[in-house]
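Chain identifiers are assigned alphabetically (A, B, ...) following the order of the sequence lines, protein sequences preceding nucleic acid strands; residue numbering begins at 1 within each chain.
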There are 2 protein chains.
Amino acid sequence: MSKNLHSSQAFPRPLTTVDVVIFTVIDDQLHVLLVKRPTGDSEPYPGMWALPGGYVDIERDKDLEACALHKLKEKTGVVSPYLEQLGSWGNARRDPRGWTATHVYFAILPYESVELHSGSHATDIDWFQLKDDGVGHELAFDHSTILATAIARLRGKAEYTSLPAYLLPDTFTLSELQHVFSVVLGRPVDKSGFRTRVLSANLVEEADGVRSGYSRPAQLYRLKTPQNPTYFPRTFNPRKD
Amino acid sequence: MSKNLHSSQAFPRPLTTVDVVIFTVIDDQLHVLLVKRPTGDSEPYPGMWALPGGYVDIERDKDLEACALHKLKEKTGVVSPYLEQLGSWGNARRDPRGWTATHVYFAILPYESVELHSGSHATDIDWFQLKDDGVGHELAFDHSTILATAIARLRGKAEYTSLPAYLLPDTFTLSELQHVFSVVLGRPVDKSGFRTRVLSANLVEEADGVRSGYSRPAQLYRLKTPQNPTYFPRTFNPRKD
DNA sequence: TTAATAGTGTCTATAAGACATTATATG
DNA sequence: CATATAATGTCTTATAGACACTATTAA
């Protein structure tokens with residue numbers, strides 16, 4: 001047996017987990033899905049809220065993304081969300097049980113597509129409204145840091161990609177799209193400029209039908225490439241000096 | 001002992017590794033640092049070239065980034081490069097020894113700062129010139145995929161951030177900066193537009209001294225915030241339709 | 001006809017792209 | 001003075017931002 005293989009097996013292995021930051025918009029506000037930690041005596045952070053996640057099951061999960069998708073489906077019932085890797089966090093102190101490394105994904109869903117599934121009690125999973133860079137209180141482990149990173153990524157990418165579109169159902173009007181951008185960006189978005197931007201970026205195509213209400217009906221659109229976000233050639237609101 | 005803790009310990013753990021994609025510019029060409037796999041019988045991918053990396057040592061490495069920095073210093077002697085997380089890759093098939101997950105970082109260095117340190121032979125570590133999305137031949141594990149992702153990230157970020165600046169030493173002229181951007185982007189960059197872009201982005205400040213040659217001497221500059229790259233408000237060459 | 005929202009048009013400011021011109025060093 | 005490169009200026013084009021205006025439905 002080679003020295004290298006031998007030494008690899010001698011290494012104590014860090015624990016490997018996967019966590020998922022799940023965003024949606026409820027009542028014109030960004031929300032994130034959190035689950036409550038169990039309250040057993042030897043549990044870390046008992047009763048605190050945390051990002052959904054857990055250990056990689058090397059029998060069940062064929063890769064990290066499959067593991068993230070599994071946890072997402074388990075909690076929300078959603079099977080094909082927008083999902084991207086956020087990063088990984090690993091050190092000796094984040095979990096009292098020892099050296100752990102977590103691979104974090106973030107998902108964006110339309111609220112209409114979700115059906116929450118709690119483990120035992122309906123009260124141990126819930127949506128929390130985002131304020132600034134978190135939910136207003138500390139989370140278990142280093143999840144406050146991870147959540148802040150995810151929020152920054154979502155807001156940052158909203159400046160130059162079509163990411164917020166994944167917060168809407170399959171078909172939507174341009175006004176709805178504009179509105180969800182303004183929710184994520186936290187500031188008003190000009191209608192005319194937004195429409196030019198979206199249409200010239202080839203982001204959407206017309207869908208059948210219109211959204212009718214107490215005013216002029218609005219054309220429905222759908223994403224042209226729902227698999228990947230579109231990159232705009234510029235950010236919103238170029239900075240002035 | 002709680003059910004959760006018990007089950008966590010029962011889980012077979014994936015192997016955890018860290019790999020580093022190290023870029024530099026040599027003779028006006030992008031290069032990446034690779035190491036040769038050992039040739040023992042039970043070694044995976046014996047004799048093939050791979051990204052530098054290895055197991056996380058939970059005694060020595062306080063976190064994942066420290067582990068990446070350690071591996072970088074070990075190979076190049078460089079202690080404070082530009083380093084960012086690229087992503088993680090984990091599944092049951094990438095390493096014949098079992099389920100592994102690797103946390104990948106990418107580093108950007110000025111070639112002048114490097115002193116290669118090989119393990120035993122000077123021939124088992126080397127710089128490879130980049131062509132398109134790789135080095136022209138397959139790498140060990142899934143490192144060809146990882147390298148392609150890193151190249152895309154570097155080229156992509158060169159369109160709207162100051163990343164290529166980290167390929168230069170502390171002080172440089174604007175012409176040198178322009179040139180290294182053109183090397184990374186793989187296309188010529190207009191002098192006047194580039195200078196306006198760089199100066200109005202507040203990216204650099206004047207350093208003492210000039211670079212003299214057989215023509216008008218050039219003012220030396222340095223990065224204003226060497227810790228973080230600067231984001232430009234637009235990409236280069238907005239696409240035409 | 002009015003209210004409400006969809007959708008378009010106009011004007012301005014900003015910055016990139018292309019390329020010409022001026023500036024300043026060495027040999 | 002010739003040459004090479006640094007540094008700046010000019011003109012055009014593209015697009016965002018602001019905001020005014022027109023279009024189309026339901027009540």
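- Counting heavy atoms from C-beta on, the side chains of B/Leu130 and B/Val135 come closer than 4.5 Å.
- Look at CZ on A/Arg211: it is 17 Å from C1' on D/dA26, rounded to the nearest Å.
- In this structure, CZ of A/Phe194 is placed 16 Å from C1' of C/dT5, rounded to the nearest angstrom.
- Taking side-chain N and O atoms only, A/Arg197 has no distance below 4.0 Å to OP1 or OP2 of D/dT15.
- For A/Phe172 and C/dT5, the CZ to P distance is 20 Å, given to the nearest whole Å.
- Applying the ring-ring contact (aromatic ring centres under 6.0 Å, His included) criterion to B/Phe141, with sequence neighbours excluded, gives B/Tyr45, B/His143.
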Below 3.5 Å, can you tabulate the donor-acceptor pairs from side chains in residues 106-116 of chain A to any protein atom, sequence neighbours excluded?
from	atom 1	to	atom 2	distance (Å)
A/Ser113	OG	A/Pro110	O	2.7

>> Does the protein touch nucleotides 3-10 of chain D at the base, only the backbone, or not at all? Give it as B, S and - per nucleotide, heavy atoms under 4.0 Å.
In response: SBBBBBB-
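- Put simply, OH on B/Tyr160 is 17 Å from P on C/dA16, counting in whole angstrom units.
- Partners of B/Asp61 under the side chain to side chain donor-acceptor pair (under 3.5 Å) rule, at least two apart in sequence or in another chain, do not exist in this structure.
- Rounded to whole Å, the distance from CZ on B/Phe232 to C1' on D/dA16 is 20 Å.
- The ring pair (Phe, Tyr, Trp, His ring centres under 6.0 Å) analysis of residues 192-220 of chain B, with sequence neighbours excluded, yields the pairs B/Phe181-B/Phe194.
- Mapped onto DNA chain D by nearest heavy atom, A/Ser212 and A/Thr196 fall at different nucleotides, with A/Thr196 at the one closer to the 5' end.
- Remark: B/Phe232 engages no residue in a ring-ring contact (aromatic ring centres under 6.0 Å, His included) (not counting sequence neighbours).
- Atom-to-atom, CZ of B/Arg234 to C1' of C/dA15 comes out at 4 Å; the value is rounded to the nearest Å.
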